[in-house]
Structure formats: C-alpha cells, structure tokens
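First up is the structure itself, then whatever we jot down about it.
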Amino acid sequence: MKWIGALLVILTCFFTGMDYSRRLAQRPKALRLWKNALLILEAEMVYSHATVQNACENIAKQIGDPLSGFFLSVSKRLQYEKTDLYLIWEEEVDQFWTRAALSKEDKEIIKQFGKTLGQHDIIQQKKYIQLAIVHLENKHKESIEMNQRYGKVSGSLGLLSGVFIALLLL
Amino acid sequence: MEVIYSLLPDQMAKDIQNYIHSHSFTPQEIRLRINRPIEINSGSDIHWITHQRLSQQEAKYILNRISEHSIYRLEEELRQGYITIKGGHRIGISGSVIVENGSVKAIKHISSFNIRISNEVVGISKQYLPLLYDNRYMNTLVIGPPQSGKTTLLKDLARFTSSGWKELPAQKTGVVDERSEICASLNGIPQESSGLRIDVLDHCPKSEGMMMFVRSMSPEVIIVDEIGSEKDVQAILEVINAGVTIMCSVHGRSYEEIRRRPALSSLIDQKVFSRMLVLSNTCQAGEVIEVLDCDGNKIAQRGRGVY
C-alpha cells in the first residue's frame with residue numbers, strides 16, 4: 001500500500017514537471033504566432049483599409065490553430081452582436097488564455113492592445129500595433145531564454161522532487 | 001430605416017421607432033446632440049423626444065457602430081464632416097476639429113450627429129425629362145438650397161437617363177459618386193434600382209472621376225453631385241468639350257445667386273448649361289419650382305407652364 005502511494009506521488013510530480021516544461025517550450029511558438037497575427041492585422045488595416053471584422057476573418061484564414069479559432073470567433077461575434085469591440089475582445093482573450101501556454105503578462109499586452117483596436121486614425125493605429133509587437137518581441141526573447149534555462153531541467157526536477165517527497169513520507 | 005436603427009443604442013432606437021410610428025410621419029433628419037434631447041425633422045415639423053438624452057458614451061458607441069469598430073477607415077469622412085452609410089443615408093458630424101497646416105485634419109470629440117434619411121422617390125424627375133432632351137440630353141444644372149432634394153432628383157435623373165423612358169433612349173451614364181449618395185453603392189456595386197446602363201465611380205473625387213470616365217468608359221451622360229470648386233469647373237469644361245453631357249447639382253437658392261459665385265460664374269457666362277432646374281426647400285423634396293434655359297429665362301414654372 002505504502003509503495004503504491006509513493007509511486008503515485010512520484011508520478012504526479014513527474015508529470016507536473018513535464019507539463020511545465022511543455023508549456024515553457026510552447027510559449028515561444030505561441031508568442032511568435034501572435035506576432036504574426038498582429039503583422040497581418042497591420043497590413044489589413046493600414047494598406048487595405050479592411051474593417052476589424054474583415055481583418056479578423058482574413059487572419060483566421062491565414063494563421064494556424066489555435067489562434068485562427070480566436071480570430072474567427074471575434075469576427076463572428078462582431079458580425080452578429082451589438083456590443084463594444086473591446087468587450088468581445090476581452091471575453092475572447094480570457095477564454096483563449098484558459099487553453100494557451102502563455103503567461104498573465106502576455107495576456108495583459110493583448111488586452112491592452114484590444115483597447116486601442118479600431119479607435120484611432122491610421123497612423124496612431126499603426127503605432128499601437130507596432131507597440132504591441134515590440135512588447136511581444138521582448139516576451140518572445142524572454143520565453144526562449146526561460147525555455148533554454150528551465151525546459152530540460154524541469155522534467156527531471158519534477159521526478160526528483162517526487163522521489164524526495166516520497167522518501168520523506170515513507 | 002432599419003439600417004439607421006441598427007446603428008443606435010437599442011433603447012434609443014426603440015424610442016425613436018415608437019415615436020415615429022405613433023405620430024406617423026416620414027422623418028427627413030434625426031439629430032442627436034450630446035446632453036440634448038433627440039430632434040426629428042420631417043421637413044415641415046420639428047419633433048422632440050425629451051426623455052432621452054445622448055450621453056458621451058452613446059456618442060462613442062454610435063461612431064463605433066457607423067465605422068464597424070474601425071475608426072481608421074473614416075479618416076477621409078471625418079475630414080469632410082459626413083459619413084455615408086448603407087442605403088445612401090448620410091450622417092453629418094460636428095465636434096472639435098483638429099487642424100494641421102491650416103486645413104482640417106479630422107473631427108475629434110464628436111458632439112452632434114445629423115442623420116439624414118434618404119427617402120427614395122422613384123419618378124420625380126419624369127415630368128421634367130422631356131424638357132431636358134433635344135436629340136440628346138442637355139447639360140443640366142440642378143440648383144437648390146440644402147434639404148431641397150438635389151441629390152434625390154439627380155438620383156432619379158440617373159435612373160431614367162440610364163434606362164430610358166418612353167421615347168427617350170437609354171444612354172450610357174457615368175456617375176461620379178464622391179459621397180456614395182447617388183447610387184448608394186455597397187462595395188462598389190450600385191443598388192438594384194439604379195438603372196441599366198449605369199457605371200459608378202464610388203467615393204471618387206469629382207474632378208478626377210469625370211476625367212477618368214471620359215478617358216475610359218465612353219459615357220454619354222456624366223452625373224455628379226455638388227460641384228463648387230475651381231477644379232470641378234475645369235473638369236466640367238473638359239467633359240463638355242469631349243462631347244459628353246453633364247448633369248450636376250450645386251448649392252444655391254437661385255440663378256442669380258449662382259451667377260455671383262466666382263468659381264461658377266464662368267460656367268454660366270459660357271452658357272454651358274442649357275437647362276437649369278431650381279429647387280426650393282419649402283416644397284416637397286425634389287420638386288422643381290422653375291426650369292431655366294442657358295440665359296436664365298424661364299421655360300417652365302411650377303403650377304403652370306409646359307409640364
């Protein structure tokens with residue numbers, strides 16, 4: 001009985017560690033995807049003067065999952081709902097973040113960006129998109145560093161801490 | 001009207017709808033001002049909805065709805081001071097203006113909206129058409145003060161010149177629709193009721209549009225709304241010398257008043273327009289009070305005369 005319990009503790013810790021390392025590895029990819037999405041958004045807005053709704057629809061077509069789902073549902077809701085753009089954006093961001101391997105700070109950047117979306121003239125809008133991209137770029141660099149530093153360690157660290165706790169309890 | 005209601009906050013749209021329904025009149029303008037009651041004009045009467053006032057928040061909401069949450073698309077419109085929406089309705093705006101290099105760059109902090117409802121009247125120009133045709137359509141100027149139905153009349157003229165009526169032939173008609181009002185195009189495609197042989201340059205600056213048509217679309221009639229600048233006049237002279245008929249409208253109360261305007265006087269002096277239709281805002285929208293020839297002599301008058 002004791003041994004089964006110890007094994008369970010070790011396994012839990014091991015998988016927690018693995019999950020953490022997986023998230024660390026996914027974050028740079030997700031951030032890069034967001035950056036691409038904003039670049040497309042900029043092109044849509046500044047050069048083809050598309051509405052936010054059309055721009056989101058086009059991004060959804062061009063970009064991979066899971067981000068395409070996010071932009072598609074923003075676009076759908078803009079089409080059918082009679083509410084503020086920011087409310088829709090905020091709700092969709094919240095929902096997206098429950099599944100994404102991204103941090104709270106990343107979320108804040110995207111939310112802040114949503115506040116400026118469609119509220120300014122072209123030049124200002126372009127600046128805000130650039131600003132968000134710069135922020136994301138910084139986060140992207142940081143996430144790569146984090147991944148290099150902790151990515152490989154965290155799996156084994158999980159296993160070791162599991163063994164440690166199990167030994168203490170035995 | 002549905003298009004307009006969809007732009008307003010739900011409660012306000014409902015109130016306006018109910019009011020118009022219970023008083024049964026055709027609104028021409030809905031005017032919304034921040035912290036003021038809602039004004040509805042029916043041309044002859046002014047109606048007020050006093051229990052509702054437009055808040056700053058709502059004004060922002062309306063602007064967002066008009067632009068489909070994309071204010072960056074309205075740059076040109078905000079500079080001009082009006083926005084044309086689906087269905088050809090026009091929304092005038094005023095507020096505090098941002099100036100750059102001495103010219104208006106944009107309107108910020110919008111404080112009033114004037115929603116001008118375009119009521120489509122088919123056939124108002126029919127009775128004047130024979131007066132405008134003599135082997136070919138004649139160059140025509142529509143003169144009228146604001147709200148007299150100049151655009152409505154031009155819209156109708158465009159319909160009949162492009163699809164023909166009785167013995168009058170259908171001619172290739174080019175419409176330079178700078179404000180998207182004449183044909184109320186959506187994504188560049190004119191509305192169904194616009195006529196058969198119609199080509200539209202949507203949102204195109206008038207003077208350039210006229211020249212583009214002459215060069216590329218070989219039109220027989222060109223229709224433009226609200227001319228007034230030197231450039232427009234230059235373009236009109238070019239068009240006429242290219243053998244194309246021009247029909248256009250201009251702000252003003254009478255022939256004499258137009259004659260005094262510096263940019264336009266040259267057109268009048270050169271007797272460019274063989275027919276002038278004078279409108280008034282005291283009559284029904286689009287009703288012509290007198291028809292003049294190129295020298296300003298009356299050919300027909302409302303109530304008596306030929307038509």
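Chain naming here is simple, since letters A, B, ... match the order of the sequence lines and numbering starts at 1 in each.
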Check whether any side-chain N or O of A/Lys82 sits under 3.5 Å from a backbone N or O of B/Pro9 as a donor-acceptor pair, and report yes or no.
no
In terms of heavy-atom contacts, A/Thr83 and B/His69 come closest through O-CE1, 3.3 Å
Between A/Val52 and B/Ser70 the two heavy atoms that sit nearest each other are N-OG, 2.8 Å
Rounded to the nearest 0.5 angstrom, the CG-CD1 distance for B/Leu74 and A/Ile122 is 10.0 Å
A/His49 and B/Arg73 have their tightest heavy-atom pair at O-NE, 2.8 Å
- request: Would you mind reporting whether A/Leu78 and B/Glu68 have side-chain heavy atoms less than 4.5 Å apart?
  value: no
OH of B/Tyr72 to NE2 of A/His120, rounded to nearest 0.5 Å, is 12.0 Å
In this structure, CD of B/Gln57 is separated from CG of A/Asp84 (nearest 0.5 Å) by 7.5 Å
State whether the number of non-hydrogen atoms from other residues, nucleotides or ligands found under 6.0 Å of B/Arg79 atom CZ is greater than 12. yes
- Query: Would one find more than 12 heavy atoms of other residues, nucleotides or ligands at under 6.0 Å from atom CD of A/Gln124?
  - Reply: yes
If you draw a 6.0 Å radius around CE in A/Met18, do more than 12 non-hydrogen atoms from other residues or ligands fall strictly inside?
no
Next on the checklist: Can you tell me if B/Lys231 has over 12 outside heavy atoms packed within less than 6.0 Å of its NZ?
Outcome noted: no
More than 12 heavy atoms of other residues, nucleotides or ligands under 6.0 Å from CE of B/Met212: is that the case? no
Take a 6.0 Å sphere around OH of B/Tyr5 and say whether it holds more than 12 heavy atoms from other residues, nucleotides or ligands. yes
Per-residue tally against chain B (heavy atom, under 4.5 Å) across A/Lys126, A/Gln125, A/Gln119 peaks at A/Gln119
- Around A/Lys107, counting heavy atoms of other residues, nucleotides and ligands shown, do more than 12 lie under 6.0 Å from its NZ? yes
Are there over 12 heavy-atom neighbours, none belonging to A/Gln95, within less than 6.0 Å of that residue's CD? no
Cut-off 4.5 Å, heavy atoms of chain B, and the answer for A/Ala55 is neither
The interface call for B/Ile98 against chain A, heavy-atom contacts under 4.5 Å, is neither
